[in-house]
Peer 1: 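Take this structure, written in structure tokens, and hold onto it; I'll ask about it next.
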Amino acid sequence: MAEYSKEEIKRIEEKWKTIWEQKQAYRTDLDHNRPKCYVLDMFPYPSGAGLHVGHPLGYISSDIYARYKRLKGFNVLHPMGFDAFGLPAEQYALEHGVHPAVSTQKNIETFKKQMRGIGFSYDWSREVQTCDPSYYRWTQWIFIQIFDSWFNRKKEKAERIADLVKIFEKEGNAHHPFPNTKYTLPGTKSNVFSTADWKSFKPQLQQEVLMQYRLAYLAYTDVNWCEALGTVLANDEVINGVSYRGGFPVVKKQMRQWSLRITEYADRLLKGLEEIDFSDSMKEIQRNWIGKSTGARIDFKVKSEKGTVPSMTVFTTRPDTLFGVDFMVVAPEHEIVKEITSAAQEEEVSKYLTYVESRSEVDRMAEVKKITGCFTGAYAIHPFTHTEIPIWTSEYVLAGYGTGAIMAVPCGDERDHKFAKFFKLPITNIIGKDYNGEEANPSYDAILQNSDFLNGMVMRDAIGVMVDRLEQLGIGKRQVNYKMRDAGWSRQRYWGEPFPVVFRGDMPYAMADQDLPLELPNTNNFKPSGSGEGPLANLKDWIHFSPTERRDSNTMPTHAGAAWYFLRYMDPHNDKVFAGREALDYWNQVDVYIGGSEHAVAHLLYSRLWVKILHDLGYLSFDEPFKKLINQGKITGDSRFVYRIRGTNQFVSAGLKDKYETDPLHVDINIVNGLELDTDAFRKWRPDFTDAQFVLEEGKYLCGSAIEKMSKSKYNVVNPDDIIEKYGADTLRMYEMFLGPLEQSKPWNTNGIDGVYKFLKRFWNLFHDGNGKFGVTPDAPTPDEHRVLHKTLKKISLDIENYSFNTCVSEFMICVNELTALKCNKRSVLEPLVVALAPFAPHIAEELWSLLGYTEMVVGARFPEYDERHLQVTAHAYPISINGKVRATMEFALDMPKDDIEKMVLASEIVKKWSEGKPPKKVIIVPGKIVNVVL
RNA sequence: GCCCGGGUGGUGGAAUUGGUAGACACGCAGGACUUAAAAUCCUGUGGCCAGUAAUGGCUGUACGGGUUCAACUCCCGUCCCGGGUACCA
């Protein structure tokens with residue numbers, strides 16, 4: 001008896017999982033005779049909670065795609081691994097005393113077990129774990145390559161530091177100025193040096209200079225210091241001034257940190273977006289993050305009491321508005337403030353600076369709209385009108401962007417306008433009626449007035465004219481600015497990659513290749529030192545491993561291991577290089593990358609950066625890692641609530657809750673059916689509910705509901721294991737796809753899962769008679785059966801190529817409905833369908849395939865091609881236009897073979913009737929479209 | 001505030017990208033089988049109206065306009081929902 005029952009499903013699924021493992025069915029090797037396809041999932045962080053139904057959504061889609069591509073004859077790389085370093089394991093260690101290595105391994109085992117249950121086709125022989133020394137050895141190695149390179153702006157690519165040294169020896173740094181324009185050589189005010197200077201520098205100073213160019217560099221930088229976590233956070237880990245994890249306050253602190261000079265790549269990261277297939281919103285997020293703006297730097301002479309400052313420089317995107325400047329604003333942190341403040345304003349300015357310093361990041365974030373500022377007593381001289389423009393300082397100008405100083409044009413900029421109104425400063429109007437006196441108009445299209453040589457010009461056109469003039473006079477220059485900052489790369493944590501450097505004196509030196517990996521020392525002391533140093537600082541012997549040398553006490557962020565793991569998959573066991581060149585060239589770019597949109601800025605940008613650097617240094621033939629990115633939507637939880645009457649153990653049904661004073665409580669989703677609570681189960685759920693009383697409506701207890709994030713504390717987590725236990729993995733896979741479009745977020749519910757289960761059962765039954773006996777007939781298909789088969793094959797293959805898996809499932813259901821109605825049990829029809837179903841429901845497909853008599857697995861089969869000749873197209877009646885003009889309308893509806901000649905014949909017949917016997921010269925007819933006829 | 005998405009039956013969602021809106025599934029209702037229930041199968045199911053009926057008519061894709069022979073799809077305006085971002089000059 002072979003019925004598609006719970007027991008049979010279990011037997012089948014376990015059987016095939018075991019066979020796949022024994023035969024290593026999904027093992028992949030280089031094969032130059034077949035086209036390759038690299039299908040990648042974002043590898044998970046193995047959290048203690050295990051997988052929930054949201055995780056597999058992306059994994060299932062990528063698995064379907066990978067399996068499909070295999071059946072289409074591609075050599076598919078479809079690996080999985082673990083992003084195993086990270087803060088949660090370390091915090092767990094602090095709380096429970098379990099070493100991160102131990103808890104991480106345990107979690108990974110759980111993840112793998114759960115993944116096995118779903119029946120993924122991963123090549124587990126290629127698994128990587130970022131915390132494995134044989135892996136992070138190469139993370140460290142790549143870091144050294146980055147440390148050992150600089151960005152040649154002339155060639156727009158990374159080169160070796162050794163090449164830079166050669167340049168310095170030949171010509172100093174005249175053609176390659178310091179990336180940081182504010183940097184000056186120690187003891188001087190200069191930022192240029194000659195060959196002779198370079199040769200006179202002591203080795204220590206040479207290293208210091210080189211550090212200014214390195215793509216991974218050490219510098220005192222303002223970092224986001226989180227006291228509560230005892231660590232520094234990256235910009236993208238700070239949300240609204242508090243830590244993304246825990247929501248603790250974050251303040252600025254100066255620390256000597258590693259950074260990656262990602263800003264040098266801003267333009268290439270931006271340009272690269274044009275050639276890769278990411279969603280519009282994803283590209284937009286990255287563009288915003290990079291934040292490119294073009295404009296000009298403009299120098300202003302300064303008149304102060306002390307007369308010491310010859311000029312100040314501002315950045316503006318609107319040089320066309322130069323004649324509308326009414327005041328200047330510099331950031332409070334700007335060093336010029338102290339130099340130009342007049343005696344009369346001294347007290348007020350210092351009071352204001354104290355106030356600004358006292359304001360935490362959170363305060364500033366919370367009160368963005370608050371207008372504060374102070375006059376410095378100094379004036380800038382307008383380069384054309386030579387009028388005196390008052391210089392103010394205000395926190396609305398940021399020290400870290402542009403030059404930290406702006407020219408304020410209140411009639412065109414909203415913030416400048418508000419500032420002017422608040423401090424009652426006069427406003428110059430340069431755009432006539434386009435400025436209403438009430439609010440700024442940031443238009444580019446107004447006609448300029450009051451603007452000397454720009455009068456009468458459209459603002460947009462005036463920009464270039466003004467910049468040209470400024471450049472001629474040598475008081476301004478075209479300039480591009482980016483919002484993006486260099487990426488902080490140090491973490492004061494234990495559970496991460498140690499930096500592969502040794503310090504001699506103050507300077508770090510890269511470790512030699514043969515000394516890698518620098519292994520993370522084993523310890524049980526994970527407490528941060530609190531002063532800003534990480535737990536590794538507690539290991540004095542490790543830090544000071546020799547009398548003259550010491551190690552870095554920081555570790556790298558989790559982004560490091562994740563920035564290149566997709567390369568390691570290509571050649572995971574290589575101990576000579578991070579991945580062999582042949583494998584890198586063969587597997588090349590990731591063809592499809594599926595994962596959550598939350599990694600839009602951090603992970604995806606760092607991966608793109610590392611690949612670009614490795615490409616520049618000659619290690620890779622491609623410079624974008626991911627050809628196509630798909631963001632699967634989040635699966636949210638669907639929570640249920642019960643309402644307890646305050647102070648009692650009585651619970652009121654949702655419809656009646658307003659009649660009482662109640663408190664809502666989350667209730668376990670698993671003891672609620674739809675909205676109806678299983679009251680017996682509820683009493684058993686928790687001891688304090690044993691004697692719960694219920695106020696029912698219409699004999700039922702109905703729960704309240706809300707869509708929320710899935711989390712343990714909300715009792716709305718659905719574990720895929722439970723679904724598999726009840727319906728099997730094939731049903732879970734197909735149901736998750738059936739839920740809706742892949743990229744759309746949706747709440748999890750099991751409302752329709754029976755429909756999918758029934759579908760599989762009916763599919764199974766097509767191969768069996770009423771008594772559960774397997775049997776198919778050898779007959780040839782009827783035209784109807786042909787049509788059903790080829791229609792389905794066409795739709796399925798097209799939809800998979802478009803990642804539209806939900807419509808695939810529907811198409812399968814239609815197919816089974818139609819074949820059931822036709823009572824079709826022919827091998828010629830059913831066999832191709834087994835192969836088509838295999839990507840979605842691999843277990844049942846394998847079983848049916850073997851029942852059909854194949855000894856080789858369906859894994860190795862070929863996806864059936866559809867044949868257009870078996871498809872019937874229904875044409876509809878539409879107006880027919882003759883010579884582009886609509887002449888008449890006629891209805892026809894018929895099944896028409898989709899064949900061009902017949903279409904022509906048909907169309908000409910129709911037209912013949914209408915155009916009074918005149919035969920058409922040219923007829924274009926597309927089913928479902930306007931029929932165009934040229935007479 | 002600004003920038004992207006999106007709004008279709010009781011529900012999840014289809015619609016060849018301008019061509020019969022609501023496929024498929026859930027739910028619901030009715031029926032068959034059964035002593036009964038479960039399971040399974042069949043029929044119906046956007047709304048309103050007419051008819052004993054087969055059927056026919058009107059209306060309908062957030063709202064208001066427009067383009068078109070034809071609009072869920074394109075254009076203009078309005079209202080909601082989701083995501084990103086936040087003094088970046």
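Worth saying up front: this structure is predicted, and the values here are computed from it rather than measured. To find a chain, count down the sequence lines: A is the first, B the second, and so on, and within it residues start at 1.
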Peer 1: Does A/Lys10 come within less than 4.0 Å of A/Glu7, counting only side-chain N to carboxylate O?
Peer 2: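 Result for this pair is no, no salt bridge flagged.
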
Peer 1: So does A/Thr807 get a side-chain nitrogen or oxygen closer than 4.0 Å to the phosphate oxygens (OP1/OP2) of B/rA23?
Peer 2: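 It does not, given that no N or O in the side chain of A/Thr807 lies less than 4.0 Å from OP1 or OP2 of B/rA23.
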
Peer 1: Between A/Asn806 and B/rG12, is there a side-chain N or O to OP1/OP2 distance below 4.0 Å?
Peer 2: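 A/Asn806 to B/rG12 OP1/OP2: no side-chain N or O under 4.0 Å.
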
Peer 1: Side chains of A/Tyr352 and A/Thr393: any donor to acceptor distance under 3.5 Å?
Peer 2: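 A/Tyr352 and A/Thr393 do not have a side-chain donor-acceptor pair below 3.5 Å.
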
Peer 1: Strictly below 4.0 Å: does A/Tyr396 bring a side-chain N or O up to OP1 or OP2 of B/rA89?
Peer 2: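 No, because none of the side-chain N or O atoms of A/Tyr396 sits under 4.0 Å from OP1 or OP2 of B/rA89.
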
Peer 1: Name the orientation of the base relative to the sugar in B/rU52: syn if the glycosidic angle is within 90° of 0, else anti.
Peer 2: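 Glycosidic conformation of B/rU52: anti.
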
Peer 1: In this structure, how many angstroms lie between the P atom of B/rC4 and the CG atom of A/Asn288, rounded?
Peer 2: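 Nearest whole value for this atom pair: 10 Å.
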
Peer 1: Write down the distance separating the C1' atoms in B/rC24 and B/rG13, rounded off to the nearest Å.
Peer 2: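 Between the two C1' atoms, the distance is 9 Å.
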
Peer 1: Say you pick atom P in B/rA54 and the same atom in B/rU17; how far apart are they, in whole Å?
Peer 2: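 Between the two P atoms, the distance is 37 Å.
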
Peer 1: For A/Thr807 and A/Ser810, does a side-chain donor sit closer than 3.5 Å to a side-chain acceptor?
Peer 2: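 Note: A/Thr807 and A/Ser810 side chains miss the donor-acceptor criterion.
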
Peer 1: Distance check, P atoms only: B/rG65 and B/rC28, in whole angstrom units.
Peer 2: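 My reading of the P atoms in B/rG65 and B/rC28 gives 39 Å.
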
Peer 1: Would you say a side-chain N or O of A/Gln744 is under 4.0 Å from OP1 or OP2 of B/rG13?
Peer 2: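 True: A/Gln744 side-chain N/O within range (under 4.0 Å) of B/rG13 OP1/OP2.
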
Peer 1: For B/rC26 and B/rG9, measure between their C1' atoms and round to the nearest Å.
Peer 2: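 The same atom, C1', in both gives a distance of 13 Å.
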
Peer 1: With nearest nucleotides of RNA chain B determined for A/Ile285 and A/Ser281 from heavy-atom distances, which residue corresponds to the more 5′ nucleotide?
Peer 2: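 Between the two, 5'-proximity favours A/Ser281.
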
Peer 1: For the pair made of CE in A/Met813 and P in B/rA23, what is the distance, rounded to whole Å?
Peer 2: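 For the pair A/Met813 CE and B/rA23 P, the rounded distance is 14 Å.
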
Peer 1: Consider the side chain of A/Val397, meaning its heavy atoms from C-beta on, and name the nucleotide among B/rA89, B/rC24, B/rG84 that approaches it most closely.
Peer 2: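 Looking only at heavy atoms from C-beta outward on A/Val397, the closest nucleotide is B/rA89.
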
Peer 1: Select base, sugar-phosphate, or nothing to describe what A/Pro741 touches, counting heavy atoms under 4.0 Å on all strands.
Peer 2: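 If one applies the 4.0 Å heavy-atom cut-off, A/Pro741 turns out to touch the sugar-phosphate alone, with no base involved.
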
Peer 1: Dot-bracket for RNA chain B, 5' to 3', with Watson-Crick and G-U pairs under 3.5 Å, [ ] for crossing pairs and | for other-strand pairs: what is it?
Peer 2: (((((((..(((......[....)))((((((.......))))))(((((....)))))..(((((..]....))))))))))))....

Peer 1: What verdict does the side-chain contact (heavy atoms from CB on, under 4.5 Å) test give for A/Trp748 and A/Thr636, after you've listed the backbone C-alpha separation in whole Å, the side-chain angles of each residue and the deciding distance to 0.1 Å?
Peer 2: CA-CA 6 Å; A/Trp748 173 261; A/Thr636 44; over 6 Å; no

Peer 1: Can you name the one residue among A/Leu798, A/Leu793, A/Thr792, A/Asp799 that meets side chain to side chain contact (heavy atoms under 4.5 Å, CB included) with A/Ile796?
Peer 2: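 Looking at A/Leu798, A/Leu793, A/Thr792, A/Asp799, the match for A/Ile796 under the side chain to side chain contact (heavy atoms under 4.5 Å, CB included) is A/Thr792.
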
Peer 1: Which whole number of Å gives the distance between the C1' atom of B/rU45 and that of B/rA25?
Peer 2: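 Those two atoms are separated by 14 Å.
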
Peer 1: In the structure I gave you, are the side-chain heavy atoms of A/Ile594 and A/Gln632 within less than 4.5 Å of one another anywhere?
Peer 2: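 SC-SC contact between A/Ile594 and A/Gln632 confirmed.
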
Peer 1: Can you tell me the distance, in whole Å, between the CG atom of A/Asn749 and the C1' atom of B/rA25?
Peer 2: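 Going from A/Asn749 (CG) to B/rA25 (C1'), I get 12 Å.
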
Peer 1: Please classify the nucleic acid contact of A/Ile406 as base, sugar-phosphate, or nothing, using heavy-atom distances under 4.0 Å.
Peer 2: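 Base: the residue A/Ile406, judged by heavy atoms under 4.0 Å, touches a nucleobase.
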
Peer 1: Taking only the C1' atom of each, what is the distance from B/rG22 to B/rG7 in whole angstrom?
Peer 2: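 Rounded to whole Å, the distance is 16 Å.
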
Peer 1: Have A/Tyr396 and A/Asp416 got a donor and an acceptor in their side chains that come within less than 3.5 Å?
Peer 2: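 Present: a donor and an acceptor within the cut-off.
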
Peer 1: So which one's nearest nucleotide on RNA chain B is more toward 5', A/Asp416 or A/Lys795?
Peer 2: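 Residue closer to the 5' terminus by nearest nucleotide: A/Lys795.
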
Peer 1: Round to the nearest Å and state the distance from A/Ile290 atom CD1 to B/rC3 atom P.
Peer 2: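 Interatomic distance, CD1 of A/Ile290 to P of B/rC3: 20 Å.
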
Peer 1: Locate the shortest heavy-atom distance separating A/Ala331 from A/Val337; write the atom from each residue and the value.
Peer 2: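 For A/Ala331 versus A/Val337, the nearest heavy atoms are O-CG2, 3.6 Å.
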
Peer 1: Rounded to the nearest angstrom, tell me the gap between atom CG in A/Asp413 and atom P in B/rA89.
Peer 2: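 Rounding to the nearest Å, CG of A/Asp413 and P of B/rA89 are 9 Å apart.
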
Peer 1: Using a strict 4.0 Å threshold on nitrogen-to-oxygen distance, state whether A/Glu818 and A/Lys791 make a salt bridge.
Peer 2: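 Judged by the 4.0 Å cut-off on N to carboxylate O distance, A/Glu818 and A/Lys791 do form a salt bridge.
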
Peer 1: Looking just at side-chain N and O atoms, do A/Ser293 and A/Tyr401 make a donor-acceptor pair shorter than 3.5 Å?
Peer 2: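 There is such a pair between these side chains.
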
Peer 1: With sequence neighbours left out, what residues match A/Glu414 under side chain to side chain contact (heavy atoms under 4.5 Å, CB included)?
Peer 2: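 Per chain and number, A/Glu414 pairs via side chain to side chain contact (heavy atoms under 4.5 Å, CB included) with A/Lys418.
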
Peer 1: Restricting to nitrogen or oxygen on both sides, can you table the protein-nucleotides 39-41 of chain B pairs closer than 3.5 Å?
Peer 2:
none

Peer 1: Write down the distance between NZ (A/Lys634) and P (B/rG83), rounded to a whole number of angstrom.
Peer 2: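 So the NZ-P distance, A/Lys634 to B/rG83, works out to 8 Å.
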
Peer 1: Does A/Asn631 put a side-chain nitrogen or oxygen below 4.0 Å from OP1 or OP2 of B/rG5?
Peer 2: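 No, no such contact exists.
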
Peer 1: Which listed nucleotide (B/rG13, B/rA25, B/rC3) is nearest to the side chain of A/Glu284?
Peer 2: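 The closest nucleotide is B/rC3.
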
Peer 1: Checking all strands, does A/Asn481 fall into the base, sugar-phosphate, or nothing category for heavy-atom contacts under 4.0 angstrom?
Peer 2: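 No contact.
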
Peer 1: Syn or anti for B/rG77, please, going by whether the chi angle lies within 90° of 0.
Peer 2: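 Anti conformation here, the glycosidic angle of B/rG77 being more than 90° from 0.
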
Peer 1: How close or far is atom P of B/rG13 from atom CD of A/Glu736, stated in whole angstroms?
Peer 2: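 Those two atoms, CD and P, are 14 Å apart.
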
Peer 1: Indicate, with a heavy-atom threshold strictly under 4.0 Å, whether A/Phe738 touches base, sugar-phosphate, or nothing.
Peer 2: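 Base contact - A/Phe738 has a heavy atom under 4.0 Å of at least one base atom.
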
Peer 1: On a whole-Å scale, what distance lies between the P atoms belonging to B/rA21 and B/rU16?
Peer 2: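 It works out to 14 Å between them.
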
Peer 1: Heavy atoms from C-beta onward define the side chain here; which of B/rA89, B/rC87, B/rG5 lies closest to that of A/Asp280?
Peer 2: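 Per side-chain heavy atoms of A/Asp280, the pick is B/rG5.
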
Peer 1: Which nucleotide in the set B/rG13, B/rA23, B/rA89 lies at the smallest distance from any side-chain heavy atom of A/Ile814?
Peer 2: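 Of all the options, the side chain of A/Ile814 is nearest to B/rA23.
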
Peer 1: We want to know whether A/Asp267 and A/Tyr482 form a side-chain donor-acceptor pair, criterion being a heavy-atom distance below 3.5 angstrom.
Peer 2: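 A/Tyr482 and A/Asp267 do have a side-chain donor-acceptor pair below 3.5 Å.
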
Peer 1: Mind calculating the distance between CD (A/Gln286) and P (B/rC3) to the nearest angstrom?
Peer 2: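 It is 20 Å, rounded to the nearest whole Å.
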
Peer 1: Give me the distance, rounded to whole Å, that separates B/rC74 from B/rG1 when you measure between the P atoms they each carry.
Peer 2: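 To the nearest whole Å, 25 Å.
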
